[in-house]
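Presented below is the structure to which this report refers.
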Amino acid sequence: DAWTVGGTMIARELVQGQTANLLVASGNNITKRGVALTVNGAGLLKIAATNSTDYVYAYSDEIINAAADTLVRVKGA
């Protein structure tokens with residue numbers, strides 16, 4: 001949805017196990033369920049670093065190659 005500058009919106013944090021469809025940035029190849037996802041700095045999700053340096057916001061709940069910014073079903077971390 002488009003938001004008006006200065007408009008009011010609602011933010012929500014997923015609780016563990018809760019599912020949602022969130023945007024994953026293009027170029028992220030999610031090859032299995034349970035892949036850790038973090039933010040990319042532009043409001044989209046990306047695959048988290050495997051060395052535990054990224055804060056994990058959610059885990060993938062489907063397998064998908066995000067050739068473009070794509071809605072992906074995720075579970076709360």
Side-chain angles (χ1 to χ4, degrees):
D1 293 331
W3 292 91
T4 304
V5 173
T8 301
M9 66 177 87
I10 298 170
R12 171 180 141 201
E13 186 173 345
L14 294 177
V15 296
Q16 186 175 13
Q18 185 178 33
T19 60
N21 292 320
L22 301 178
L23 276 174
V24 172
S26 64
N28 285 275
N29 188 17
I30 300 172
T31 59
K32 61 183 179 178
R33 287 182 169 91
V35 172
L37 301 169
T38 191
V39 293
N40 73 348
L44 304 175
L45 294 176
K46 68 174 185 172
I47 296 173
T50 57
N51 63 1
S52 301
T53 57
D54 287 330
Y55 180 83
V56 175
Y57 287 90
Y59 294 95
S60 65
D61 196 35
E62 63 181 324
I63 298 166
I64 192 164
N65 184 7
D69 295 348
T70 305
L71 282 175
V72 176
R73 188 177 60 244
V74 301
K75 285 188 176 182

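Here, residue 1 is the first one in the sequence, and each next residue gets the next number.
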For this session: Answer with yes or no whether the hydrophobic clustering places V15 together with V56; edges join I, L, V, M, F, W, Y residues whose side-chain heavy atoms lie under 4.5 Å apart.
Result: no

For this session: Determine, step by step, whether V72 and L45 satisfy the side-chain contact (heavy atoms from CB on, under 4.5 Å) criterion, reporting the C-alpha distance in whole Å, the side-chain angles of both residues, the deciding distance to 0.1 Å, and the verdict.
Result: CA-CA 10 Å; V72 176; L45 294 176; over 6 Å; no

For this session: Flag yes if Y55 and Y59 sit in one hydrophobic cluster, no otherwise; membership is Ile, Leu, Val, Met, Phe, Trp, Tyr, and two members link when side-chain heavy atoms are under 4.5 Å apart.
Result: no

Problem set entry | Main-chain N/O of K46 paired to T38 side chain as donor or acceptor, under 3.5 Å | no

Seminar exercise, completed: Exactly one candidate in L37, N65, V74 meets side-chain contact (heavy atoms from CB on, under 4.5 Å) with I30; the answer is L37

Exercise. What's the shortest heavy-atom distance between E62 and R73, and which atoms?
Worked result: OE2-N, 2.6 Å

For this session: Give the minimum heavy-atom separation between A67 and S26, together with the two atoms involved.
Result: O-CB, 3.6 Å

Exercise. If every non-hydrogen atom of R33 is compared with every non-hydrogen atom of D61, which pair is closest and at what distance?
Worked result: NE-O, 3.1 Å

Exercise. side-chain contact (heavy atoms from CB on, under 4.5 Å) between N28 and L44: does it pass, once the steps are laid out?
Worked result: CA-CA 11 Å; N28 285 275; L44 304 175; over 6 Å; no

Exercise. Okay, side chain of D69, backbone of A25: is any donor-acceptor separation there less than 3.5 Å?
Worked result: no

Exercise. Given the rule in the side-chain contact (heavy atoms from CB on, under 4.5 Å) test, do L71 and L23 qualify, once you have shown the distances and angles that lead to the verdict?
Worked result: CA-CA 4 Å; L71 282 175; L23 276 174; 4.0 Å; yes

Problem set entry | Working for side-chain contact (heavy atoms from CB on, under 4.5 Å), residues I64 and V24 | CA-CA 10 Å; I64 192 164; V24 172; over 6 Å; no

